[in-house]
Amino acid sequence: MRTTSDAEKNKYSIIVPTYNERLNIALIVYLIFKHLGDFNVEVIVVDDGSPDGTQVIVKQLQHVYGEDRVLLRARPKKLGLGTAYLHGLKHASGNFVVIMDADLSHHFFYLQPKYLPSFIKKQKETGASIVTGTRYVNGGGVHGWNLMRKLTSRGANVLAQTLLQPGASDLTGSFRLYKKSVLEDLINSCVSKGYVFQMEMIVRASRKGYHIEEVPITFVDRVYGSSKLGGSEIVEYLKGLVYLLFTT
């Protein structure tokens with residue numbers, strides 16, 4: 001149970017970048033407030049000009065939860081994941097920031113509603129600068145992937161672990177809790193975009209000596225919509241790996 005001092009001290013800003021997530025965003029916002037009802041939370045939706053009406057749904061959610069708890073910070077077009085987090089960070093009033101996807105792959109719909117509270121608990125217990133979800137420790141895993149995708153993901157992670165030695169078991173996950181000051185520092189240090197951005201963030205955090213803790217999670221393939229990961233992202237990942245190898 002939280003104490004009054006906890007409630008007064010800590011606020012959690014959850015940044016959710018979206019593009020064509022009309023079918024998911026209402027459910028994810030509902031689940032956030034349902035399972036973090038004992039915490040001071042705001043949800044910042046950074047939508048990159050979704051043509052499917054995502055912003056319309058977010059505006060409806062503002063009527064339900066309040067514009068101070070659901071913030072819509074739209075951009076005119078897709079401008080990259082890293083800049084989406086930076087855009088959301090400019091509007092975050094919390095001293096902690098959570099980054100997560102809007103496609104329910106990180107959420108609780110088919111899982112126990114424990115991950116975000118577990119992140120917060122882990123941070124309080126350890127004083128960590130970053131708490132990251134990981135699929136690659138005991139208690140973590142994936143659900144809904146075929147064998148080829150599992151092998152590709154595992155192989156990419158092993159390659160990155162071997163070359164970069166980052167001090168974290170899951171480099172490409174995008175479900176993390178940061179101290180706000182740490183996230184600001186890391187974003188300003190990173191140059192990558194897209195899926196490589198997450199890897200660069202955790203590698204640079206390790207190089208800077210930030211305290212990183214992990215919580216096992218089960219990654220569930222997206223509930224609605226289509227995956228945005230394709231061959232071009234894999235090529236970018238390999239390029240990013242080489243870049244980080246020689247620059248960190």
Side-chain angles (χ1 to χ4, degrees), residues 15-17 19 46 48 78-89 97-103 105-106 115 119 122 128-137 140-142 145 148-180 182-222 227-248:
I15 300 176
V16 184
Y19 185 76
V46 180
D48 279 356
K78 295 181 73 172
L79 297 170
L81 187 62
T83 60
Y85 290 132
L86 181 60
H87 186 68
L89 188 59
V97 177
V98 174
I99 62 172
M100 64 187 303
D101 286 348
D103 60 13
S105 55
H106 299 145
Y115 292 138
F119 279 36
K122 175 69 76 172
S129 301
I130 304 168
V131 178
T132 181
T134 177
R135 299 160 286 181
Y136 302 121
V137 298
V142 297
W145 284 8
M148 181 57 68
R149 189 172 179 187
K150 288 180 179 179
L151 291 174
T152 300
S153 176
R154 176 67 75 173
N157 199 66
V158 169
L159 180 61
Q161 293 288 337
T162 302
L163 295 178
L164 301 177
Q165 300 181 351
S169 64
D170 193 340
L171 297 185
T172 56
S174 54
F175 186 18
R176 297 172 183 163
L177 181 151
Y178 293 86
K179 289 181 178 178
K180 184 180 180 181
V182 171
L183 182 57
E184 289 172 332
D185 178 37
L186 291 174
I187 284 182
N188 289 330
S189 301
C190 290
V191 300
S192 302
K193 297 181 180 180
Y195 294 90
V196 178
F197 172 78
Q198 301 294 0
M199 180 169 62
E200 183 176 1
M201 287 280 282
I202 209 72
V203 170
R204 292 201 181 278
S206 178
R207 299 294 190 268
K208 287 173 176 283
Y210 286 124
H211 181 182
I212 303 170
E213 290 285 342
E214 297 183 319
V215 171
I217 64 169
T218 298
F219 186 100
V220 180
D221 208 5
R222 56 186 299 118
S227 174
K228 303 174 184 70
L229 180 62
S232 61
E233 283 75 20
I234 295 173
V235 172
E236 288 302 312
Y237 174 85
L238 295 174
K239 289 181 179 178
L241 194 61
V242 174
Y243 168 77
L244 293 174
L245 178 63
F246 289 102
T247 61
T248 61

Just by modelled atom types, is the R135 backbone N or O under 3.5 Å from a matching donor or acceptor in the D170 side chain?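 Here the side-chain-to-backbone pair exists.
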
Are the side chain of E213 and the backbone N or O of I130 linked by a donor-acceptor pair below 3.5 Å?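 No, because the side chain of E213 does not come within donor-acceptor range (under 3.5 Å) of the backbone of I130.
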
Separation between CG of L89 and CG of N188, rounded to the nearest 0.5 Å: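 That separation rounds to 8.5 Å.
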
Out of curiosity, E200 CD to C190 SG, how far, rounded to the nearest 0.5 Å?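 It is 4.0 Å, given to the nearest 0.5 Å.
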
Mind checking whether [X] and [Y] have side chains closer than 4.5 Å, heavy atoms only?
X	Y	result
I212	T132	yes
F119	I217	yes
V46	Y85	no
F175	V131	no
L177	V97	no

Shortest non-hydrogen separation from I15 to A84 and the atoms involved: CG2-O, 4.4 Å

For K208, check salt bridge (Lys or Arg N to Asp or Glu O under 4.0 Å) against everything at least two apart and list the hits. D185

Which residue is it: E214, M100, Q198? I am looking for the one with a side chain to side chain contact (heavy atoms under 4.5 Å, CB included) to R176. Q198

Partner set under side-chain contact (heavy atoms from CB on, under 4.5 Å) for T83, not counting sequence neighbours: R75, L79

Run the ring pair (Phe, Tyr, Trp, His ring centres under 6.0 Å) test against Y178 and tell me which residues pass, sequence neighbours left out.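 Y178 satisfies ring pair (Phe, Tyr, Trp, His ring centres under 6.0 Å) with no residue once adjacent residues are dropped.
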
